[in-house]
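Per chain, numbering begins at 1; letters A, B, ... match sequence-line order.
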There are 2 protein chains.
Amino acid sequence: MSNALNKPHLVRPATLERVRAQIDRLGYLPSQAAQGMRSQRAGAIGIEINAVHRGASDVAQPFLTDLTVAAPRHDVHLVPFAHGSRFPAVDGYRDMVRRRLVDAFVLADTHTGDPRPEWLLGAGIPFAAFGRIYDHPELGWWADVDGAAGTAQAVEHLHDRGYRTAAYLGWPLHKDDSEVADTRREGWLVRARELGTAGPELTCEQDLADATLAARTLLDQLDPGDAVVCASDLIALGVMYAAAARGWRIGPDLGVVGFDGSLTAARHGLTSVSQPLPDIADTLLGLLTDQLAGTADDPGGRLLTPTLTPGPSTDRTTEATAYTPLPAPGNRR
Amino acid sequence: MSNALNKPHLVRPATLERVRAQIDRLGYLPSQAAQGMRSQRAGAIGIEINAVHRGASDVAQPFLTDLTVAAPRHDVHLVPFAHGSRFPAVDGYRDMVRRRLVDAFVLADTHTGDPRPEWLLGAGIPFAAFGRIYDHPELGWWADVDGAAGTAQAVEHLHDRGYRTAAYLGWPLHKDDSEVADTRREGWLVRARELGTAGPELTCEQDLADATLAARTLLDQLDPGDAVVCASDLIALGVMYAAAARGWRIGPDLGVVGFDGSLTAARHGLTSVSQPLPDIADTLLGLLTDQLAGTADDPGGRLLTPTLTPGPSTDRTTEATAYTPLPAPGNRR
DNA sequence: CAACGAGTTTTGAACGTTCATATGAACGAT
DNA sequence: ATCGTTCATATGAACGTTCAAAACTCGTTG
């Protein structure tokens, strides 16, 4: 009766029909455990949840959702696990494969000096990383958002909408994720110079208060009709705050573009460069199943292009007050 | 050699030591698949991710993190799955247990009219719900936050901090989650009456723009020195916006308390009633493993008490401008 | 009519764990 | 020396799936 399921071509149609009927009647479904035992595969992918920094990243949790959605397409399920759980650090990764709880891992939140890629490579444990593998980009498989393309799109969008200059508020370049910071800035700079709309730039931490403070300084160098491209939605929110405090209407007076396409952006009517998280999730799982099947290409990375999601924050024509809760009537100056 | 692991008491100490040495040397760990096959248990708990509403709820995603952290304590792992995936709606739940991919489910985001509890009860599939099972509260196991205790704490906190009255901005009572809305309001009303600090109340949707609009109306009935208790952090953010637009300093002029203890609250320096998510996660997994082991008490629910996380938004003494990016210098009126 | 072959179906082994049962060893009592 | 008795270890079956190999059924051919 197993042939009916697995090799339908070499079973007589009549028998096949009979078996199918019984399967339907009994509601039979093959046991994951038994299949896993026979195939020596767990059919599962591990994904580490950062329980320490919680929602520090606006994308980590939506990314998990996209992985979950993509998983069935690749005939796997996900097994999330957390820091500070029974599986601490790298040892935990090894133990999970030893137990055959998972076959491979998706690595999120990679950063420079991240010990995991090197260790997993050494242990021969398959993985695919969201974000480039900084120390050995050519040794493993990864996918990342094309940050430069994203900020370039933002600059073009602002130009199309008629904003005079595009300033930039980004991250300092000495951080862990300096490559991300660098790439996003580069995309803005190159395209803005091409279009002749490059404005001043400044950096700040990934923190609302710091972003607002920095934005205040940046806005000193701008006038109504200008715009700001930001390295993240949180920073963009800070810019909106600083602008509103100054009495500028977001949209008509100041264009603001964030990065990530986070819930924060949606809630505040912020135009944002949306990370292609569904694509990235699907790509990573594909890279993993290829590795497991032994049909993988050479190691390497793929850059996926983000898309710009327009919102009222770059709409000059609107008398926009509905979307932004900030402007106080008569507070403009 | 299996005895050594499972029944160490009836094996000779010397042999046990010898076996242990080999286990360490070979890095042996029992196979999840084989164990699952023998025990007829997957050792896994399914949890549905709402991929449609994404981060609509500020707690759903942190809750998943807490479940992940709690899982190892109960000797299970999690298997998240999503709407619109291969396992659609209730059929998907049944198929997952048929495949022995999971033994039971945690239900999040239950609401009135939710078909899942009834269906799972009928199918005999064990589950535990975050949030009461509205239609059959006595038939299943659930855990929920004690909303009334939370808003009562908020009222007390505001009273302690010397705010004159505690107004309330909540949800309309005709919604799906009307019981949640009702409970939170009740906690505010009862305690505020006891303390003689009950102010006006108003309702709005779980939406930033709507909350800001409603807050504007509510603030018309308040004066500096008053405070507002809110049904959620998002609503509280709207209150902060409306107050800032009016030139009131959050904290010194107006106390604001949110509900959920979300990242939004933390980012904006908002005092908030923090949901006891780690407790809830742990409780639910405990209820599930008890059910699976057959040692469960009678079905029923448990209310867990939230804790108040103070922030600058209820700090009257501070000349607070650092935390809140909103107040524009000289905009007060 | 026996031998062959193609098309179908049945059988049996293996995956790794657990647990009940069987076997073995050691020792004191008959 | 034989028989129990106890404690320790070894054996084997079962869980459900898959797949190779064996067996069976026919119609065809030498």
Separation of D:dC19 atom P from A:R38 atom CZ, nearest Å, is 6 Å
note: B:L29, atom CG; C:dT17, atom C1'; distance rounded to Å ~ 14 Å
Could you go through A:L120 and A:L107, starting from their C-alpha distance and side-chain angles, then the distance that decides it, and tell me whether this counts as side chain to side chain contact (heavy atoms under 4.5 Å, CB included)? CA-CA 10 Å; A:L120 292 173; A:L107 253 46; 3.9 Å; yes
Rounded to whole Å, the CZ-P distance (B:R99 to D:dC15) equals 20 Å
To the nearest angstrom, the CD1-P distance between B:I23 and C:dT17 comes to 10 Å
Side chain to side chain contact (heavy atoms under 4.5 Å, CB included) with B:F105: of B:L284, B:L288, B:V97, only one passes, and it is B:V97
Quiz item: Is the shortest side-chain N/O distance from B:Q35 to OP1 or OP2 of C:dG16 below 4.0 Å?
Solution: no
When rounded to whole Å, the OH to P distance for the pair A:Y28 and D:dG16 reads 10 Å
Residues at least two apart in sequence or cross-chain that pass side chain to side chain donor-acceptor pair (under 3.5 Å) with B:R116, listed by chain then number, are B:E48, B:Y93, B:D114
Here the distance between atom C1' of C:dT17 and atom CE of B:M37, to the nearest Å, is 10 Å
- Query: Does a nitrogen or oxygen in the side chain of A:Q40 sit under 4.0 Å from OP1 or OP2 of C:dG16?
  - Reply: yes
Worksheet item: More than 12 foreign heavy atoms under 6.0 Å from CZ of B:R302: is that the case here?
Response: no
In whole angstroms, the gap separating C1' of C:dT9 from CG of A:L16 amounts to 13 Å
Rounded to whole Å, the CG-P distance (A:L26 to D:dG16) equals 13 Å
